[in-house]
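One structure is given here, and the rest of the page talks about it.
The basis for the numbers below is simple: all heavy atoms, side chains too, and nothing from hydrogens, waters or symmetry mates.
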Amino acid sequence: MGKNMVFKIIFNIFLLLLIFPLFIILLWSFTKIWPWPDLFPKAFGLRGFQYLLNPSNNSLRILGLSIWLSTVVMFIAILISIPAAKALGLYHFKGKGFIKTLILAPIVVPTVAVTMGIHVSFISVGLANTFWGVVIVHLIPCIPYSVRILTDVFEIMGNSMELQARILGANKMQTFFYVTLPMLAPGLITAGSMVFIVSFSQYFLTFLIGGGKIVTFSMVMFPFIQSGDRMMASVYSMVFIWTTLLILISVERIVKSYYKGENYFYL
Amino acid sequence: MGKNMVFKIIFNIFLLLLIFPLFIILLWSFTKIWPWPDLFPKAFGLRGFQYLLNPSNNSLRILGLSIWLSTVVMFIAILISIPAAKALGLYHFKGKGFIKTLILAPIVVPTVAVTMGIHVSFISVGLANTFWGVVIVHLIPCIPYSVRILTDVFEIMGNSMELQARILGANKMQTFFYVTLPMLAPGLITAGSMVFIVSFSQYFLTFLIGGGKIVTFSMVMFPFIQSGDRMMASVYSMVFIWTTLLILISVERIVKSYYKGENYFYL
Amino acid sequence: MSQIELRNICKKFENKRILHHVNLLVQEGEMISLLGPSGCGKTTTLKIIAGLMEPDAGDILFNDTSILNIPVEKRGAIIVFQDYLLFPHLTVEENIEFGLKMAKVKKSKRREKVREMIDLVQLEGHEKKYPKELSGGQKQRVAIARALAIEPKVLLLDEPFSNLDTRLREIMREFICDIQRKFKITMILVTHDKEEALMTSSKIAVMLDGEIKQFGTPKEIYERPVSSLVADFFGEKNYVDGEIKEGIFYSIMGSFQTGLHKNGRVRAMIRPEEIEITPKGNIAGIIKNKTYAGEKIYYIIDCNGKRLKCITNGKTFYNIGEKINVYINFDNIVFFER
Amino acid sequence: MSQIELRNICKKFENKRILHHVNLLVQEGEMISLLGPSGCGKTTTLKIIAGLMEPDAGDILFNDTSILNIPVEKRGAIIVFQDYLLFPHLTVEENIEFGLKMAKVKKSKRREKVREMIDLVQLEGHEKKYPKELSGGQKQRVAIARALAIEPKVLLLDEPFSNLDTRLREIMREFICDIQRKFKITMILVTHDKEEALMTSSKIAVMLDGEIKQFGTPKEIYERPVSSLVADFFGEKNYVDGEIKEGIFYSIMGSFQTGLHKNGRVRAMIRPEEIEITPKGNIAGIIKNKTYAGEKIYYIIDCNGKRLKCITNGKTFYNIGEKINVYINFDNIVFFER
Amino acid sequence: TSRDEKPTAQITAEDWNSILEKAKGTTVNFYGWGGSQKVNEWIDNYVSRKLKEEYDIILNRVPMDIDDILNKLLGEKQLNSKEGTIDIVWINGENFFTAKRNGLLFGPFVDDLPNYKKYVDTESIEIKYDFGFPVEGYEAPYGKAQLVLIGDQAQIVQFPRNHEELFEMVKNNPGKFTYPAPPDFTGSAFVRNIIYDIVGYKQFMNMEADKQKVAEVIKPAMDYLKKIKPYLWQEGKTYPATVAQLDNMYADHEVFMTISYNPNHVASKIGTGEFPTTSQAFIFEKGTIGNTHFLAIPYNATNKEGALVAINFLLSPKAQASKYDPKNWGDLPVLDNGKFSDEEKKLFHDVKLGEGVLPQDILLAHRLPEIPAHLIPIIEEIWQENIPVEGE
Ligand SMILES: Nc1ncnc2c1ncn2[C@@H]1O[C@H](COP(=O)(O)OP(=O)(O)OP(=O)(O)O)[C@@H](O)[C@H]1O
Ligand SMILES: Nc1ncnc2c1ncn2[C@@H]1O[C@H](COP(=O)(O)OP(=O)(O)OP(=O)(O)O)[C@@H](O)[C@H]1O
Ligand SMILES: [Mg+2]
Ligand SMILES: [Mg+2]
């Protein structure tokens, strides 16, 4: 029991470390004055939320668009990643380790360096300044995350269950939907969450390809953070974080409820 | 066999998509003039590499420091993540899904918003402008990645093997080193790689906490990218990418060779 | 070298009770078998003893000391699981070596022991393979070798021979019994092979529905089962309902003199091998079915409308439809009250 | 409703040959058993038939048509694996329903079939459980039910009863045989239980070292094994080396008249159950060891320095050290040339 | 050379009315920094509304940093894409120079704007040059900024009038002052201002980019900064990385002074409640650095007419006065006072100066020109070498 207590304490400290910053941000989003050594703000205000909710600057509409955009990116990224991850996870071929690393390159390649070329090509195929252009460009830094994570899952999971399904008469599609997908569930949630976050936070790529036609929430948030207006930065961060968390939690819930039981993997 | 061909073709296209941008960057790093519709550069030059290799601007020393810093961050992040991921992956408790999502918050919380407070606290405990200060601040956006990835691995893997080890007389330490760690290997490589990349690419946090005292490669690279000097940007990106890839490949190799067989998980 | 005692162990899964006041006392160095139908709670019992699960109630004592709070690795009770649980990242050799390595045995000694175990489980040539490259029986043998290598005080075997062929199974069984005797290991064997249980163990516990229904020597269990459920555990039986009055058993098949002195409605349990087909038999019957099984032949005989299963040695043959006589010695028959 | 033919199937793993020119012809609707020591290649053979592995050489024909290029799901050959491979994310019910769902059977029909299967494998009350909540035997039953639910043309069973208790095992066995006969399923059963093989199958294939050494009816295999290795497969035997001269077998145990007319150095195979302990016996011996096994008793008898294993029914007892006579009918003895 | 490439000469030929006509019902995309709530609100509310009412133009503000805008335009230029999304871009300094040199801008256009000709002092150095770069009609002035120091009157009795007084004050109040480390824009400007205060500014105006030469000239200033270092916040071991951070430290009372390149900053911060109401802007006797920010039209703007109309509106006394109002933004006007009618003068006169803000005339009287852009990185480098940050 003593062991359990230690675990609980550590766990709660951990939790606190996670929640504390969010709490501070929440506090700041209402704070007018908070002199240095004071433990609590001296004066509160609603300037930030008033601005956010003011229809003239479209913040909420932009938020909606961003959620939609990142959700689309999430789905497409997952769709592309599953076959790629499966090939990497299950088949053996020379240079596999190298390719598994290379796949991370798009995260590393400082987006700017690549976008030099990308922007030009997007203009030439008419994707610049369009929703789908932004979706495609978001996929670049997102896919490495989902591919790598799902590769791991495939590696550990193997394909014995898929084979079993085939034996029982399932064709490829059925195998995919009834076996592969549900068994991937935990990996899908993680990969999907990360893709959503990476896409939702994309700032530069959206600027470049969206060209101001596609404006996302991080684009309106970032300047406030940079300018050091703590109240505004906090209000936007708050909305940003909670939106993301809410969406990720719904993703988790939906996937879990769709595939019922959790942790059915191990003994 | 026809199926195999299709697979091979898709695979090679995929590979090309990964390698092509790297190749373009390589080309740019030697390119003086490359007028738009031309397929190849018109004039080459070595200005970029001359600058990079010029000892007076310390680029290589900085590169070394960056690698060291990110490696340290990688190890610490992994060390912290394993127990956290284990708790999340194996134990059942209320609100687990929520916490698994919450753990991603530090990626979402725009680092800047948090750093508002962090910088001041770091200064007051004397961590600002120090190596360890930078390491600690890098851990913030890195740990969510490693925790989530390892959580998945733990979830799928279960703890039956650990229990088996305990039954055979292994104490906790032994179980960890002889069973948990090697079985985590694929997840460790992915998590480690991502942490390394995220840390290696950190720009703003390093700038803020390093205070110019701790200068990393991304800090010297970024201005070139921003200023649009494509040759310099490409040279630095090149070095950046290849360093990362080399290190990740070594990580992969080392882990794999240490834990021998690959893909021993499935039937 | 440990006495094991289970006291009133209870265990529920999701409010379905699995173990219900299980009591069991295994003496130091004794080897007992735990028998029971699939799903009755055998594995659960072993897991609780080894410390992989906590009981909801009750206590476990090793040498009269409660071990509930002792961590798994200190209990010294080794389980060989039904599903092996070999370390997938270690070779056969390394799997077998594992326990020794954990106990910090010297390398040269470890090597020697591993060699020895590999010889005993007949896995020469497979030392460097990973578990996924082994056949079912090979995996099972590695699991056994891994457990035996550390010479445990308490050994819990969960159907350890289920995937081995007859020959190997006999070899392994003998080998384990040898070791058990030599090192005075306290051992609990879960098996579905009644012969295995009867032959190897000094006592047998029959578990049904999470309770231990009978615990006794093989002879006791075989010859004096406390209920037909327990008896069924040792092969299919014939049950004939009837009534005993003054020592005579009246039934559909006729009336027979017994050695009993009680009265009342009873059910006679007649083992298939207790029915002898012989011209001298006291009951007439017709062969209804016949199954060849090598050294023996199974017959189904209709006696007055009651179908009896009967096992004979493979030396004499009767054809389906043939009229025969059977002899049953009712002196040895077990009667259960109804 | 398929004839299966294996033609010269070869398979290597990492340059170690596992299957070596395996030939096998299973008639439509026939049920055969595949026997062999652990690690001989039984599972590999089944996997190749089902299409989970490609053979290195050779061909597989269903109804005289090569199926090597037919994908797994079109072959209609269902395997029940040694390690079950239940879908971890589906409940018992859903696992059993899986094949039907894939075949797009109507929901109401599926329901009905699942109910029926669950009843047959006796898993009522466990329908909603996930595989990890099942005991070993329960998992095995789900695997069997899942395979049978789709009424396959070809059924490959890899030790399907290994984790079931005797009673269940008999029930399941009978049940499978019924279905097999009813739907004329072509079936290959891998088992380690010789009785199971002898009783259920119309033919038995004995596989050793990746080769099929003998393929024949149970009676043929049991009574006329082609080698002692094959014979060993049906329990431990006594082997007595000697020489036959003009019909008389000379050995350490004495000389005996046989029905044979050949000469030469031979090895006599004497089954333990062919040795009868009887005062009328023609060989003198001393009881050396005795093991109780319920309905039978195992003795080890020393006859002139040759130790013989002997099985008797459990009705008469002899003590260790007792001098007895044994009778062996050498007319029925199998001799192998040496 | 950009002059030769002047893309659309025909627009200039049209008369203003037809431009107005063409602009009707169109949308103008205004790209620029979006980090200030007040600025955003002023554009979204006042400018937007007025343009709609008076010209039937919809203004769409897009918050985008100038670096990103330039990258975007460079990419489009490479393809010579004619269909840009930006109609107006908020720009100045080196970015303007880059844009102009790469032919990213449309122009010259300022002479087409009636309000430019009517109200702007076209000969003023601040209008003709932008950080030393000739404007040549490729950008129209938008507003003026000037470096000011901001102090808390509750804590400072007498604001320092030059660098020596600053030193005295800081020495007497150790730890209560600091400045953002260059290359932070404001921090860098503060260092330049100290240099001006110590060695004067004229010599820099046409100095070449020779590090040794510059180092020699500014040595006294560097010595001063070294001297003051131990009395700074955290004993000068570390500096705030951005001016935003310094502002926040000031707001939190950790320091008693902050710096801003926007003379009205103090008022808006008091307005939002972040700064104490006792805050007051002040400048040195010798003056402080000022610059002008501009509006330009990208070469590929699809609604150049709308852009011209919008820019013209922004150059109207009405708009400039509204912008000058600290309640709205508080940015210094770019129009020439001498060209106003009385009515127009009144517009500015009626603007109630924000709390703590210096009046426009005082500022204009103490305004020093910016150093040529190419010298700035050199000075920043020298600062970094001389005033080391301490750490491990
Ligand atoms: N995690 C669980 N959740 C719910 N029920 C469980 C769980 N684990 C086991 N059970 C149930 O507990 C009962 C006993 O399981 P146990 O594994 O002990 O059986 P067993 O006697 O070993 O059977 P077998 O001979 O088939 O291996 C079974 O009915 C099983 O379904
Ligand atoms: N992936 C593999 N790599 C190398 N060897 C393998 C691999 N899979 C199986 N083998 C070997 O092939 C042989 C045959 O295996 P198989 O599983 O067919 O045996 P089996 O007859 O089913 O045995 P059992 O009765 O023990 O299940 C074994 O010796 C095994 O070690
Ligand atoms: Mg069990
Ligand atoms: Mg097998």
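Of all the listed residues (D/Lys74, D/Arg75, D/Lys101), the one sharing the greatest number of non-hydrogen pairs under 4.5 Å with chain A is D/Lys101.
Atom CG of D/Leu90 and atom CE of A/Met183 lie 9.5 Å apart (nearest 0.5 Å).
Remark: the backbone N or O of A/Tyr178 is paired with a side-chain donor or acceptor of D/His89 at under 3.5 angstrom.
For residues 164-171 of chain A, heavy-atom neighbours of chain D at less than 4.5 Å comprise A/Gln164, A/Ala165, A/Arg166, A/Ile167, A/Leu168, A/Gly169, A/Ala170, A/Asn171, sorted by residue number.
For D/Ile150, the part lying under 4.5 angstrom from a heavy atom of chain A is the side chain only. Of the atoms belonging to D/Lys128, not a single heavy atom falls under 4.5 Å from chain A. Contact annotation for D/Leu100: neither backbone nor side-chain heavy atoms come within less than 4.5 Å of a heavy atom of chain A. Heavy atoms closer than 4.5 Å to chain A are found in the backbone of D/Ala77, but not in its side chain.
Residues D/Phe98 and A/Val179 meet the side-chain proximity criterion, which asks for heavy atoms closer than 4.5 Å.
Applying the salt bridge (charged side-chain N to carboxylate O under 4.0 Å, His left out) rule to D/Arg111 yields no partners; only residues at least two apart in sequence or on another chain are considered. Looking at residues two or more places apart in sequence or on another chain, you find a side-chain contact (heavy atoms from CB on, under 4.5 Å) between A/Ile214 and A/Leu65, A/Phe131, A/Val134.
Among residue pairs with one or both ends in residues 15-25 of chain A, none qualify as side-chain hydrogen bond (donor to acceptor under 3.5 Å, both in side chains); sequence neighbours excluded.
Around CZ of D/Arg115, the count of heavy atoms belonging to other residues, nucleotides or ligands within 6.0 Å exceeds 12. Residue A/Asn12 places its CG atom among more than 12 non-hydrogen atoms of other residues, nucleotides or ligands, all under 6.0 Å distant. The number of heavy atoms from other shown groups lying within 6.0 Å of CZ (D/Phe175) is above 12.
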